[in-house]
Amino acid sequence: MERMRSSKEQPTRTSSSPPPRWAVRSARLIPLIVLPTGLWRLAMVCGFPSGYTEAGFVPFETPGAKVWMLTLSIVCELLALLSLGLVRPWGETLPGGLPVVGGRRVRPLAAVVPAAVGALALTAIWAAMPWWWAYPHPDMTPVGSLVVGVLYQPLVLWGPLLGAITLSYHRRTRPRRLRAAH
């Protein structure tokens with residue numbers, strides 16, 4: 001008698017393969033891409049005009065603006081550092097030292113969905129940056145406009161790099177489907 005095969009597929013969890021070297025390098029590159037703009041904003045928090053004219057810098061001298069620039073710099077760098085989780089073991093299993101959740105496996109979609117949404121948002125946000133110099137910046141000095149453009153240009157890569165790393169993570173961590181033999 002011939003064995004009948006079940007068409008049902010059962011998910012199994014196997015340890016994921018290591019991330020490709022390009023993904024690791026890309027994940028390490030992302031925080032470095034974000035760092036120059038954060039340092040530029042921190043210089044403004046410290047009172048350095050960072051390429052703005054005297055009149056153009058006035059709005060950035062308020063306490064609210066300084067808190068915003070400091071917060072934005074820290075949050076951006078922390079989000080950039082999170083991309084490392086897509087290529088490091090702590091992106092698949094939470095570190096044991098974390099209270100309550102330590103040692104638990106990360107559900108792949110809990111990492112993939114926010115990372116994919118972030119990649120799309122970042123790509124949209126920075127898509128126009130290559131045309132920085134095509135628009136006038138009357139509140140900046142010519143050198144300041146050049147410097148800001150150079151510092152911000154690498155951010156165009158943040159979204160696409162994060163998207164590629166996210167796809168790699170998804171492919172490595174998705175449950176494998178095996179056919180059940182009966």
Side-chain angles (χ1 to χ4, degrees), residues 9-45 50 69-134 146-181:
E9 294 181 346
Q10 297 176 356
T12 62
R13 186 75 174 156
T14 59
S15 61
S16 67
S17 58
R21 282 193 340 196
W22 68 262
V24 174
R25 288 180 180 152
S26 297
R28 289 178 180 163
L29 181 61
I30 289 174
L32 298 175
I33 285 172
V34 176
L35 186 61
T37 56
L39 294 174
W40 176 78
R41 284 189 297 271
L42 291 177
M44 290 182 22
V45 168
S50 298
M69 290 184 293
L70 179 62
T71 303
L72 183 61
S73 296
I74 292 169
V75 169
C76 284
E77 199 60 38
L78 289 175
L79 289 173
L81 287 167
L82 271 179
S83 64
L84 293 170
L86 298 172
V87 297
R88 302 292 301 150
W90 56 266
E92 295 179 40
T93 304
L94 295 171
L98 290 175
V100 183
V101 296
R104 291 188 185 175
R105 281 196 148 290
V106 173
R107 292 184 181 194
L109 287 180
V112 169
V113 171
V117 169
L120 290 172
L122 289 165
T123 300
I125 288 168
W126 297 113
M129 195 62 213
W131 293 276
W132 167 261
W133 294 286
L146 175 67
V147 170
V148 169
V150 169
L151 292 176
Y152 272 79
Q153 289 302 313
L155 292 177
V156 172
L157 299 173
W158 190 1
L161 285 174
L162 180 58
I165 297 165
T166 302
L167 183 58
S168 172
Y169 177 89
H170 174 66
R171 287 180 176 164
R172 289 184 305 103
T173 60
R174 70 176 177 236
R176 307 282 188 253
R177 303 267 178 201
L178 298 176
R179 291 196 176 270

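Fair warning: this is a prediction, and the values are worked out from it, not measured in the lab.
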Please round to the nearest 0.5 Å and tell me the distance separating atom [atom1] of [X] and atom [atom2] of [Y].
X: Met44; Y: Leu39; atom1: CE; atom2: CG; value: 13.0 Å
X: Trp22; Y: Ile165; atom1: CH2; atom2: CD1; value: 6.5 Å
X: Glu77; Y: Leu72; atom1: CD; atom2: CG; value: 11.0 Å
X: Leu155; Y: Ile30; atom1: CG; atom2: CD1; value: 11.0 Å
X: Ser26; Y: Leu84; atom1: OG; atom2: CG; value: 11.0 Å
X: Arg28; Y: Leu81; atom1: CZ; atom2: CG; value: 12.5 Å

Given Trp158, which of Ile125, Thr123, Leu122 fulfils the side chain to side chain contact (heavy atoms under 4.5 Å, CB included) condition? Leu122
How close do [X] and [Y] get, heavy atom to heavy atom, and via which atoms?
X: Pro19; Y: Val87; answer: CG-O, 3.4 Å
X: Thr37; Y: Leu151; answer: CG2-O, 3.4 Å
X: Val148; Y: Met129; answer: O-CE, 4.5 Å
X: Val106; Y: Gly91; answer: CB-O, 3.5 Å
X: Thr166; Y: Ala116; answer: CG2-N, 3.9 Å
X: Thr93; Y: Gly103; answer: CG2-O, 3.4 Å

Indicate yes or no for a side-chain donor-acceptor contact from [X] to the backbone of [Y] under 3.5 Å, with no hydrogens or angles considered.
X: Arg172; Y: Leu86; answer: yes
X: Ser168; Y: Ala164; answer: no
X: Trp40; Y: Ser50; answer: yes
X: Tyr169; Y: Ala115; answer: no

Could you walk me through whether Val150 and Trp133 pass the side chain to side chain contact (heavy atoms under 4.5 Å, CB included) test, one step at a time? CA-CA 10 Å; Val150 169; Trp133 294 286; 4.2 Å; yes
Starting from the C-alpha separation in whole Å, work towards a yes-or-no answer on side chain to side chain contact (heavy atoms under 4.5 Å, CB included) for Leu29 and Arg25. CA-CA 6 Å; Leu29 181 61; Arg25 288 180 180 152; over 6 Å; no
Residue pair Val34, Leu79: steps toward the side chain to side chain contact (heavy atoms under 4.5 Å, CB included) verdict: CA-CA 10 Å; Val34 176; Leu79 289 173; over 6 Å; no
From CA spacing to verdict: side chain to side chain contact (heavy atoms under 4.5 Å, CB included), Leu42, Met69: CA-CA 7 Å; Leu42 291 177; Met69 290 184 293; over 6 Å; no
Residue pairs involving residues 146-155 (criterion side-chain hydrogen bond (donor to acceptor under 3.5 Å, both in side chains); sequence neighbours excluded): Arg41-Tyr152
